[in-house]
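Throughout, numbering of the chain's residues begins at 1 and tracks the sequence. Just so you know, these numbers use all the heavy atoms, side chains as well, and skip hydrogens, waters and symmetry mates.
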Amino acid sequence: MTTMTETSVREFRMPDVGEGLTEAEILTWYVKPGDRVTDGQVVCEVETAKAAVELPIPYDGVVRELHFAEGATVDVGTPIISVEVAGAAPAEVPAQAPAAEPKKEQKQEPEPAAEERRPVLVGYGVSTSATRRRPRKGPQVAVPSAPTAAPTGLNGHGAAAAAEAGPRPLAKPPVRKLAKDLGVDLATVVPTGPGGIITREDVHAAVAAAAAPPAQEPAPAPAPETRASVSAPSYDPARETRVPVKGVRKATAAAMVGSAFTAPHVTEFVTVDVTRTMKLVEELKQDKEFAGLRVSPLLLIAKALLVAVKRNPDINASWDEAAQEIVVKHYVNLGIAAATPRGLIVPNIKDAHTKTLPQLAKELGELVTTAREGRTSPADMQGGTITITNVGVFGVDTGTPILNPGESAILAVGAIKPQPWVHKGKVKPRQVTTLALSFDHRLVDGELGSKVLADVAAILERPKRLITWG
């Protein structure tokens, strides 16, 4: 009883920095063992599936150990740094950890089927027993010897590896759903994830292998440890560059694949004369109400879509598969697709339907600037209801955009350029663009989709309809 010291070690766990995130990659450590830290001091930067975020430490002390190296992907709830704290109670539960975390393994040992549920990241599902499947330090895998552990009971890394050899392949719920949707038997898939976990890429690789011509069938003969080994002999670093798929790019890829395979997409197109809209853009640039604000065609396109949604509210909805319900949103969180160095992200303007045109211009400018600088927060990318993607800035005429998960429609805007156009009975050069609207055909039929697209086109052709219709 007299051996308790005046200091104790606190474990700072990877927090859920967004709504239901399950993992994050450590980009940069700002401290090292031996450094003194204070409450609120930023100790590292991590990249989640949504954005790069700086993590502050919640207490004072001295850094004792960094559990992971830069570049490691860590599950939410896993300790990432140990700090020696003066006067702290040894048994105190870290603020970022789930309340039941310290007793988790004892509870699961007699009941292998009972797994604690964690917050969910859309497109990734629940991370079950996550802290036992990953190595404790660094990106290296620390479970090669685990198969010698007892085949029954969930007791740490050994059980995770043993599950790999069991009758049920090891995979997260969204991966199982993806395999089911694609008709893939997980028992036939070669796992490449940490601890023998089957990843989405493994499932798609299995689909690709099944679709390969017979002449390619001998390819599986090499050792199955990694799919990359098949192409390794011909890989020349001087001729190819391999970029790991992770963070925002990984999440975007997973979301787009999930969207493409779950929502039946329909895309409609319309080409419209936007000469009057372009003239209005120039006039607004000179208006004192827009002083200091960026006024572009995208501003009026966004306003046109908001008016179209107001006239056709059923387009602003989502499909609830579990409840078998269509959820119509009475608010519009307008997403704007933005290309960034980390990949494509879609932050959204909250309650965009309530904004005046100057307010919309201000928030649109801030959204784009923040995204390009890589400072978009996870909260800014959650809860979108309908999206605009402006492919015209790249000189592209149009495209067939894929829906963002949880949304029923996305509008693509093509390049605006002078074209010959019949105007008042004569062929004249006019400013013309092509709009494309993709929608989820489960809840948006051709009539509704056509009305929305036609309304947007009509407003851009005669922008005074923003007043008469809005």
Y30 side chain reached by E54 side chain, heavy atoms, under 4.5 Å: yes
Indicate yes or no: at least one non-hydrogen side-chain atom of L298 is less than 4.5 angstrom from one of V393. no
Would you call L305 and I388 a side-chain contact if the rule is heavy atoms closer than 4.5 Å? yes
Hey, are the side chains of Q431 and P418 touching, using non-hydrogen atoms and a 4.5 Å cut-off? yes
Regarding T434 and T271, is there a side-chain donor-to-acceptor distance under 3.5 Å anywhere? yes
Between D202 (side chain) and T192 (backbone), is there a donor-acceptor pair under 3.5 Å? yes
Taking only Lys NZ, Arg NE, NH1 and NH2, and the carboxylate oxygens of Asp or Glu, determine whether K362 and E366 approach each other closer than 4.0 Å. yes
Report yes or no: do T400 and T267 form a side-chain donor-acceptor pair below 3.5 Å? no
If you compare all heavy atoms of A352 against all heavy atoms of L334, which two are closest, and at what distance to 0.1 Å? CB-CB, 3.8 Å
Test item: D35 side-chain N/O and K32 main-chain N/O as donor-acceptor pair under 3.5 Å: yes
Is a side-chain donor-acceptor pair under 3.5 Å present for D60 with T38? no
Closest heavy-atom pair, K355 versus L360, reported as atoms and distance to 0.1 Å, is CB-N, 4.0 Å
Are any non-hydrogen side-chain atoms of I336 and T387 less than 4.5 angstrom apart? no
N-O pairing of K285 and E282 below 4.0 Å: yes
Does atom CZ of R372 have more than 12 heavy-atom neighbours, drawn from other residues, nucleotides or ligands, at distances under 6.0 Å? no
Find out whether M14 and V46 are in side-chain contact, i.e. whether some heavy atom of one side chain is under 4.5 Å from a heavy atom of the other. yes
Between the side chains of E283 and Q286, is a donor N or O closer than 3.5 angstrom to an acceptor N or O? no
Quick one, M381 and I345 - any side-chain contact, counting heavy atoms below 4.5 Å? yes
P401 to T389 - nearest heavy-atom pair and separation: CB-CG2, 4.0 Å
T385 versus E407, side-chain donor and acceptor atoms under 3.5 Å: no
Of all the heavy-atom pairs spanning G383 and Y331, show the shortest one and how long it is. O-CE1, 4.4 Å
Side chains of T73 and E23 only: does a donor on one sit below 3.5 Å from an acceptor on the other? no
For the pair Q41 and V31, evaluate side chain to side chain contact (heavy atoms under 4.5 Å, CB included) and give the outcome as yes or no after the intermediate values. CA-CA 10 Å; Q41 177 180 338; V31 296; 3.8 Å; yes
Do I81 and V83 touch side chain to side chain, with heavy atoms closer than 4.5 Å? yes
Crowded around K350 NZ? As in, over 12 foreign heavy atoms under 6.0 Å? yes
When you look at T28 and E70, which way does the side-chain hydrogen bond (donor to acceptor under 3.5 Å, both in side chains) test go after all the steps? CA-CA 6 Å; T28 306; E70 293 178 354; 4.8 Å; no
D320 side chain vs A323 backbone, donor-acceptor pair below 3.5 Å: yes
Let me have the donor-acceptor pairs involving side chains of residues 451-470, under 3.5 Å, with sequence neighbours excluded, atom names and distances please.
residue : atom : partner : partner atom : Å
K451    : NZ   : E447    : OE2          : 3.3
D455    : OD2  : R311    : NE           : 3.0
D455    : OD2  : N312    : ND2          : 2.9
R465    : NH1  : A458    : O            : 2.8

Under 3.5 Å, is there a donor-acceptor pair between the D380 and S377 side chains? yes
V444 and G449: which non-hydrogen atoms are nearest, and at how many Å? CG1-N, 3.7 Å
Which atoms form the tightest heavy-atom contact between A339 and L344, and what is the distance? N-CD1, 4.1 Å
